[in-house]
Amino acid sequence: MSSIRLKTELPGPRSRELLARRAAAVPRGSYNAVPIFVKEASGALLEDVDGNRLLDFAGGIGCLNVGHADPRVVKAASEQLARFTHACFGVTPYESYVSLAERLNALVPGDFPKKTLFVNSGAEAVENAVKIARAATGRPAVLAFEDGFHGRTLLTMSLTSKVHPYKAGFGPFAPETYRAPYAYCYRCSYNLSYPSCGVACVDALEDYFNRYVAVEQVAAVVVEPVLGEGGFVVPPPDYLPKLRALTERHGILLVADEVQTGFGRTGRQWGIEHSGVVPDLLVTAKSIAGGLPLAAVTGRAELMDAPGPGGLGSTFGGNPVSLAAAHAVLDAMADPSFFARATRIGTAFAARAARFRERLPLVGDVRGIGAMWGIELVKDRPAKTPAKEETAAVAKRCYERGLVTITAGTYGNVIRTLMPLVIGDDELQEGLDVLEGALSGAA
Ligand SMILES: Cc1ncc(COP(=O)(O)O)c(C=O)c1O
């Protein structure tokens, strides 16, 4: 039985009416990838205001790994809602903050004492990781990567790579932020090939420190274990270990930005686990609380304690309702089958996507890990000319047929998968059928 159920053309009349009101009342800068207004959601399905049922391959940009309206998350959050909604951890603390910190300290890689700070969003968590790294090292500079994304606040926008729409017109940017090429092998900045390159993009950083910033001034390297907004770029297996060795050589802290890769997306709790690398600080958000706003910085206890009392925190950071939801998310993830499911989704997706690539010249690259897969579309394969308009057309054709997808990539030419990990096998295949039809139509 089909899980997609369309009663109207999409967007339907009520969504169109709301879109007109939205255009008058909400700034256009707060963009909508899909012009369909949601009424309710469950698992991997969304119902819109016109009674259409859509399959969700976006999960609110990767925030719903446990699925929409997971009953355990709903129960925990509702019960907390009735107890108290806010006290401010910086005024009168509560147990759930401490116990969730204890759980994350145990789950984050590293056989050493750790501490965790809770804040509200991924960007706020990255900002705090940088504050902690600066306070701990006494150094000002931060190095991030081309095609990386770390948020939209001033500091995180400065670390973010993609210019349009994230940076253009919003300068001047935060000082002492630097950027070097990532291991984006499909579009290698050095025109080399893996493995014969010997992961030269990490070696090149030694020279970078001669030309752009003194190495002894660098507090932290902030890196995504797999590029998210940058196009679901999975670096080769020796990239992160080599980067870790470089940071250790120079007394630089390694900050893993796991905002998009964390909480099972890559088939493990954390994306960085695949590399065996232990970061000094690890930043999480998105799927941590089943759709409620929460983010965290977890790291070596002595680094986390570098800022003095009152130097960290925010009014709503570690909201008790979000914390209750996050406890339920971690309970759900304690079941090993949760991560196995992500890997199964990825295997099924990869098998179908490999066939897309054989059949459709538009498909330039298919890459991924766990349930984090991307399809990079190109106008011609030898030149790898990004097929931005075709990618937008594929995403549009998908939602018109009841599949919500979102794009990624510096050139906007990557279709990515952030479906809830509870998606059923039949639902997944149905979504892939829609995607295949949309890709075939654009080829
Ligand atoms: C890797 C990464 N870091 C940081 C952020 C910013 O998170 P937020 O939108 O919650 O501020 C994002 C958001 O997409 C992200 O993917």
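Because the structure is predicted, anything quoted here is derived from the model rather than measured. Just follow the structure's listing: the first ligand is 1, and inside any ligand the first atom is 1. Numbering starts at 1 and runs along the sequence shown.
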Legend entry - Polar proximity ligand 1 side, Q260 side, N/O cut 3.5 Å exclusive: yes

Legend entry - Identity and distance of the protein heavy atom lying nearest atom 7 (O) of ligand 1: G122 CA, 3.3 Å

Inset, instruction - Give the atoms of ligand 1, by number and element, whose distance to some non-hydrogen atom of S121 is under 4.0 Å. - result: 10 (O), 11 (O)

Inset, instruction - Check whether any side-chain N or O of E224 sits under 3.5 Å from a backbone N or O of F149 as a donor-acceptor pair, and report yes or no. - result: yes

Inset, instruction - Do me a favour and list the nearest non-hydrogen protein atom to atom 6 (C) of ligand 1 with residue, atom name and distance? - result: A123 N, 3.6 Å

Inset, instruction - Would you check the N or O atoms of K286, main chain and side chain alike, for any that come under 3.5 Å of an N or O of ligand 1? - result: yes

Legend entry - ligand 1 to I61 polar contact by distance, N or O atoms, under 3.5 Å: no

Inset, instruction - Scan side-chain atoms only and decide if D238 and Y194 contain a donor-acceptor pair under the 3.5 Å cut-off. - result: yes

Inset, instruction - Considering only non-hydrogen protein atoms, determine which one is nearest to atom 2 (C) of ligand 1 and report residue, atom name and distance to 0.1 Å. - result: F149 O, 3.3 Å

Legend entry - F118 ring center near F89 ring center (under 6.0 Å): no

Which atom pairs, donor and acceptor, lie under 3.5 Å between side-chain atoms of residues 307-322 and protein residues at least two apart or in another chain?
unit_1, atom_1, unit_2, atom_2, d
S314, OG, N120, ND2, 3.3
S314, OG, E124, OE2, 3.1
S314, OG, G317, N, 3.2
N319, OD1, V321, N, 2.9
N319, OD1, S322, N, 3.2
N319, ND2, T85, O, 2.9
S322, OG, P293, O, 2.8

Legend entry - Where ligand 1 meets D257 - atom numbers and elements under 4.0 angstrom, heavy-atom basis: 1 (C), 2 (C), 3 (N), 4 (C)

Legend entry - Part of E229 within contact of ligand 1 (heavy atoms, under 4.0 Å): side chain

Inset, instruction - Could you walk me through whether E400 and V434 pass side chain to side chain contact (heavy atoms under 4.5 Å, CB included), step by step? - result: CA-CA 10 Å; E400 284 170 350; V434 174; over 6 Å; no

Inset, instruction - Kindly say whether L282 contributes a backbone atom to a donor-acceptor pair with the side chain of E258 at under 3.5 angstrom? - result: no

Inset, instruction - State the atoms of ligand 1, each with its element, that fall below the 4.0 Å cut-off from a heavy-atom position in H150. - result: 3 (N), 4 (C), 5 (C), 6 (C)

Inset, instruction - Give a yes or no answer on whether the side chain of E248 reaches the backbone of A245 with a donor-acceptor pair at less than 3.5 Å. - result: no

Inset, instruction - Below 4.0 angstrom from a heavy atom of E224, which ligand 1 atoms are there? Numbered from 1 as shown, please. - result: 1 (C)

Inset, instruction - Compute both the distance and the angle, then confirm whether K167 meets the cation-pi test with F173: under 6.0 Å from the six-membered ring centre, within 45 degrees of the axis. - result: yes

Legend entry - Protein non-hydrogen atom found under 4.0 Å from atom 9 (O) of ligand 1: no

